[in-house]
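Because only heavy atoms are used, hydrogens play no part in the values below, and waters and symmetry mates are left out as well, while side chains stay in. Naming: A, B, ... by sequence-line order, numbering from 1 per chain.
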Amino acid sequence: MARRLPPVDVVLVGFGWTASIIAQELTDAGVQVLALERGAWRDTVPDFATDHIQDELRYAVRKQIFESPERETMTFRNNTSQTALPMRHLGSFLPAAGVGGAGVHWNGQCWRFLPQDFVIRTHTEQRYGKGFIPADMNLQDWGVTYEELEPHYDRFEYLCGVSGQAGNVGGQLVAGGNPFEGARARGYPLPPLERCASTVLFDKAAREVGFKPFPCPAANASRPYRNPLGVQMGQCTYCGYCEWFGCGNYSKASPQTTILPVLLKKDNFRFKTHCAVTRVNTDNTGKRATGVTYVDVDGNEWEQPAQMVVLCAFAHHNVHLLLVSKIGQPYDPVSNTGVVGRNYAYQITSSVDVFQKERLNPFMGAGALGQAVDEFNGDNFDHGPQGFVGGGYIALWNTGGRPILQHYLPEKAPKWGAGWKKAMHENYLTACSIATHGSVMSYRSSYLDLDPTWRDAYGNPLLRLTFDFQPNELKMSGFLTDKAAQIGRAIPGATVHEKKRGGPYSIVPYQTTHNTGGAVMGNDPKTSVVNRYLQSWDVPNLWVMGSSVFPQNAGYNPTGTVGALTYWSAAAMKRYLKNPGPLVTT
Amino acid sequence: MNHDPARRDFLRLVGVAVPASMLLCACGGHDTGSAARGVRSTAYFESGEMDFIRAATARLIPEDALGPGADKAGVPAFIDLQLAGPYGRAERWYMQGPWPSGTDSQGYQLRYTPAQIYRQAIAGIDKHCRAKYQQSFAGLKTDQQDEVLHALEGGKVDLGDLPSKTFFNLLWQNTQEGFLADPAYGGNRDFAGWKLIGFPGPRYNYVREIGEYGKPYGQPYVSLIGRVPGEALTHAGGAA
Ligand SMILES: Cc1cc2nc3c(=O)[nH]c(=O)nc-3n(C[C@H](O)[C@H](O)[C@H](O)COP(=O)(O)OP(=O)(O)OC[C@H]3O[C@@H](n4cnc5c(N)ncnc54)[C@H](O)[C@@H]3O)c2cc1C
Ligand code: SF4
């Protein structure tokens, strides 16, 4: 039997990026907030200190910084004709475990989505006609617009000290920035990062081909920075151990480097680590959350009552908790009804490796040090002749040159033996890779539900993922890859290796931790789990943060938009706290 | 007794409880095949297994004009220690049954830990080699060893319910790890792997150098456990 604890005003499930923002905002509004985190406490000192964090084997290869599948994992299949099987070790994506969440070990590639991304169904129908959208594609508007989110994007970027070059300030195009971006109220808080040898090559080549390259927005501080909360960040040193590691230099934006120094001083905030939430509890009407149940490090079960519950546990885990707690109608792919688990989506990536002669010193890099072109993202180009929906950016990121996982060899190089050795010797310092980063739409056949067979360490059924890349995405990704190869070939003396993404989707190789959907936002409770303020339609004192609310995924990394939506939702929560009840009535 | 701080750190990093006999031996230098002396020199492998690992990794990354191969770089000791630790025991993997097999896209579905895979595979390979060449793998000529490795890679060697390709991929992955991971883990000895490619190690400040396009980086190689004494102050690794 779970032992009952004294109630709190607000309980947050997880203590990563979104929880940190919500905690900071709601404690400012005067309520008592408790965050429950399943992982450990960790901070820049001592956990990310440079005398041990720069350990590729331990963190990137053995993945010790991430979720342990032994405790929590999921099952996976490409389609309903297969039996889903457990993901026995991590691969395609790397959910976090520990304070700061994936904010600790992200790259800091911090984008805004395009204005059209938020109204994609309306926009696509208007420009191309209803018939352009495949019948099984659950394409949906978000219920919130870019213009509404703009001030919240701005807050997240200033919180993080994003380094970049604005392309559109107040409707005026600014040279050197992304000419396709939505209008922003002001420029980035910091100038772009330095360029490295490979991004200079990319920039020149992309211009030659006729594109407009720009520096990628980076939550790696290009200069020392003091954020609006008064927290000081240090200048990025281009150490090249960003993604999959914590930053030892206070330069990568994370909860630890932007919010926690202020939050942890507040009397009305508490957090507990090693507490895995296993259920959101509801009263007998099922319309009100009464708190959560969690299991502590010794296996004891506790009930934490709360006036309000916010799920900040990352995409999969938010949906998992909704399903095991039986909140909202689970999605049924046969009838295309129900909402919880519906519209799971992901990211489709590919690359073009470039082999040339100039020394590039790839080990001098940063998580979001890159140069990109956006000509083929969103609806920045005419999709009519292409016959697919969506797009993505093409970028040369130089995130580092970590030797085990970050080396590129020519297609014909022997896989092992003396030939491999020679190829490593000849290419490590001079090869680079251009990435494409494409959108994935939502489909009837892509969803999350509970597995009938396997269970997690707490006795809950595992989450079951049914997902594959669809023809629309494969076609789009192929198109992007060809454009990337065009840029690669414009690099002097270059030989390129086009690595197109083929189907079926595999859970084995790492791709991105950009999992989206399953608890999507919208204006219609029949096709969304939360309203446009991220408040549950069924249980108004329950809220869902993070990329699980994306109705489909756009062609950018998610966290800029996750951060903006979190601030947008926090503002709505403050209104709710004064006058609790549904913020949208149907 | 254990006077080498680097060695101590490396044992801490690997997270292995090491028998005292092995510590003695580990201090003694680079000889990992010293079972003959009567002290156990390995943390996981039996001596016959170690012979296989040394011979196989030496073919995967051979010694040649470009520098030391896997054996000299300490890769066998690296793999041995990895298998004796939490990785070898698959401590973080989800190991609950049932165990049906699936598609390639569903990933690993065998009930073996990495340590168990090695044990089963090496026994099977030994059988295969004795049947085909009347010799253990380590006793074969290098072109015969390559033939066996290619057969393993192609999934053509019978290792019971373990696909030989699964073992080959694991062995090759661990060999690269041992060659290219921080020397703190026992491989990449004297920075053999990093010198081959020109990676200077875990340095953390390139603010000054990042804009010096095309220039070689002039600082010495470092490891998480420091520099090799007497190492030259410039590094000339890599080909560029
Ligand atoms: C390797 C990697 C690289 C990335 N790079 C980028 C990038 O460059 N750009 C970008 O835009 N995005 C990137 N991302 C994604 C980005 O990190 C996430 O979008 C962001 O952290 C999401 O915030 P969140 O609060 O939803 O989840 P998180 O920050 O992951 O926080 C969730 C927290 O909840 C905890 N939790 C989960 N379940 C429970 C439970 N049942 N009980 C208690 N606690 C629980 C977890 O342990 C975790 O700490 C990357 C992610 C990874 C893993
Ligand atoms: S590259 Fe910069 S931001 Fe990233 S970990 Fe290194 S110092 Fe920190």
A.B. asks: Between A:Arg88 and B:Trp99, is NZ or CZ placed under 6.0 angstrom from the six-membered ring centre and within 45° of the ring axis?
C.D. replies: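 Because its charged atom sits under 6.0 Å from the ring centre and within 45° of the axis, A:Arg88 does stack over B:Trp99.
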A.B. asks: Looking at A:His407, A:Lys415, A:Gln82, A:Lys63, which makes the most heavy-atom pairs under 4.5 Å with chain B?
C.D. replies: A:Lys415
A.B. asks: When the aromatic ring centroids of B:Tyr204 and A:Tyr241 are compared, is their separation below 6.0 Å?
C.D. replies: no
A.B. asks: Just by distance, no angles: are the side chains of B:Tyr185 and A:Asp55 close enough, under 3.5 Å, to form a donor-acceptor pair?
C.D. replies: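 Indeed, the side chains of B:Tyr185 and A:Asp55 share at least one donor-acceptor pair under 3.5 Å.
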A.B. asks: Compute whether any side-chain donor of one residue and acceptor of the other, for B:Gln82 and A:Arg62, lie under 3.5 angstrom apart.
C.D. replies: yes
A.B. asks: At a heavy-atom separation under 4.5 Å, does A:Leu369 approach chain B through its side chain, its backbone, both, or neither?
C.D. replies: side chain
A.B. asks: For B:Ser101, is it the side chain, the backbone, both or neither that has a heavy atom under 4.5 Å from a heavy atom of chain A?
C.D. replies: backbone
A.B. asks: Measuring heavy-atom distances to chain A, does B:Asn188 have an atom under 4.5 Å in its side chain, in its backbone, in both, or in neither?
C.D. replies: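 Neither part, no heavy atoms under 4.5 Å.
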A.B. asks: Heavy-atom pairs under 4.5 Å with chain A are the metric here; pick the option from B:Asp146, B:Ile61, B:Asp104, B:Leu60 that has the most.
C.D. replies: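 Greatest number of close heavy-atom pairs with chain A: B:Leu60.
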A.B. asks: If we only count heavy atoms from C-beta on, is the B:Pro100 to A:Leu85 side-chain gap below 4.5 Å?
C.D. replies: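 They are in side-chain contact.
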A.B. asks: Please report the shortest heavy-atom distance between A:Cys236 and B:Val207, naming the atom on each side.
C.D. replies: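 Minimum heavy-atom contact is O-CG2, 3.8 Å.
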A.B. asks: So does B:Lys215 get a backbone contact from the side chain of A:Asn361, meaning a donor-acceptor N/O pair under 3.5 Å?
C.D. replies: yes
A.B. asks: At a heavy-atom distance under 4.5 Å, which candidate from A:Trp416, A:Trp420, A:Tyr428 has the highest pair count against chain B?
C.D. replies: A:Trp416
A.B. asks: Do B:Asn205 and A:Asn249 have side chains that get closer than 4.5 Å, going by heavy atoms?
C.D. replies: no
A.B. asks: Side chain from CB out, backbone as N, CA, C, O: work out which of these in A:Thr50 comes under 4.5 Å of a heavy atom of chain B, or both, or neither.
C.D. replies: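 Backbone plus side chain of A:Thr50, per the 4.5 Å heavy-atom cut-off to chain B.
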A.B. asks: Indicate yes or no for a side-chain donor-acceptor contact from A:Glu56 to the backbone of B:Glu177 under 3.5 Å, with no hydrogens or angles considered.
C.D. replies: no
A.B. asks: With rounding to the nearest 0.5 angstrom, report the CD1 to CZ distance, B:Ile210 to A:Arg195.
C.D. replies: 12.0 Å
A.B. asks: Specify whether B:Tyr206 and A:Phe363 have parallel, tilted or perpendicular ring planes, treating 30° as the upper limit for parallel and 60° as the lower limit for perpendicular.
C.D. replies: tilted
A.B. asks: Determine the option with the most heavy-atom pairs under 4.5 angstrom with chain B, choosing from A:Arg77, A:Gln64, A:Glu72.
C.D. replies: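 Greatest number of close heavy-atom pairs with chain B: A:Gln64.
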A.B. asks: Any salt bridge between B:Arg92 and A:Glu67, counting N to O under 4.0 Å?
C.D. replies: no
A.B. asks: What distance do A:Arg58 atom CZ and B:Tyr87 atom OH have between them, rounded to the nearest 0.5 Å?
C.D. replies: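 A:Arg58 atom CZ to B:Tyr87 atom OH measures 15.5 Å (nearest 0.5 Å).
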A.B. asks: Check whether B:Glu63 gets within reach of chain A through its side chain, its backbone, both or neither, counting any heavy atom under 4.5 Å.
C.D. replies: backbone
A.B. asks: Counting C-beta onward and ignoring hydrogens, is there a side-chain heavy-atom pair between A:Met424 and B:Leu196 closer than 4.5 Å?
C.D. replies: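 A:Met424 vs B:Leu196: side chains touch.
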A.B. asks: What are the two closest heavy atoms between B:Leu224 and A:Asp51, and how far apart are they?
C.D. replies: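 What the structure gives for the nearest pair is CD2-O, 3.4 Å.
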A.B. asks: Which one of A:Leu405, A:Leu462, A:Val508, A:Ile404 has the most heavy-atom pairs closer than 4.5 Å to chain B?
C.D. replies: A:Ile404
A.B. asks: Can you confirm whether B:Ser105 sits close enough to A:Ile507 that some side-chain heavy atom of one is under 4.5 Å from a side-chain heavy atom of the other?
C.D. replies: no
A.B. asks: Most heavy-atom pairs under 4.5 angstrom with chain B, which of A:Ala418, A:Pro86, A:Ala84?
C.D. replies: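 Result: the option with the highest number of such pairs is A:Pro86.
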A.B. asks: Which one, A:Lys422, A:Glu194, A:Lys421, A:His89, leads in non-hydrogen pairs under 4.5 Å with chain B?
C.D. replies: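 Of A:Lys422, A:Glu194, A:Lys421, A:His89, A:Lys421 has the most heavy-atom pairs under 4.5 Å with chain B.
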A.B. asks: Just so I know, are the side chains of B:Trp93 and A:Glu70 near enough to count as touching, which here means a heavy-atom distance under 4.5 Å?
C.D. replies: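 Answer no - side chains too far apart.
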A.B. asks: Between CZ of A:Arg359 and OH of B:Tyr213, what distance do you get to the nearest 0.5 Å?
C.D. replies: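 Between atom CZ of A:Arg359 and atom OH of B:Tyr213 there are 15.5 Å.
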A.B. asks: Under 4.5 Å between any side-chain heavy atoms of B:Leu180 and A:Arg402, yes or no?
C.D. replies: no
A.B. asks: Identify which of B:Arg203, B:Met95, B:Glu91, B:Arg59 forms the greatest number of heavy-atom pairs closer than 4.5 Å to chain A.
C.D. replies: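 Ranked by contacts with chain A, first place is B:Arg203.
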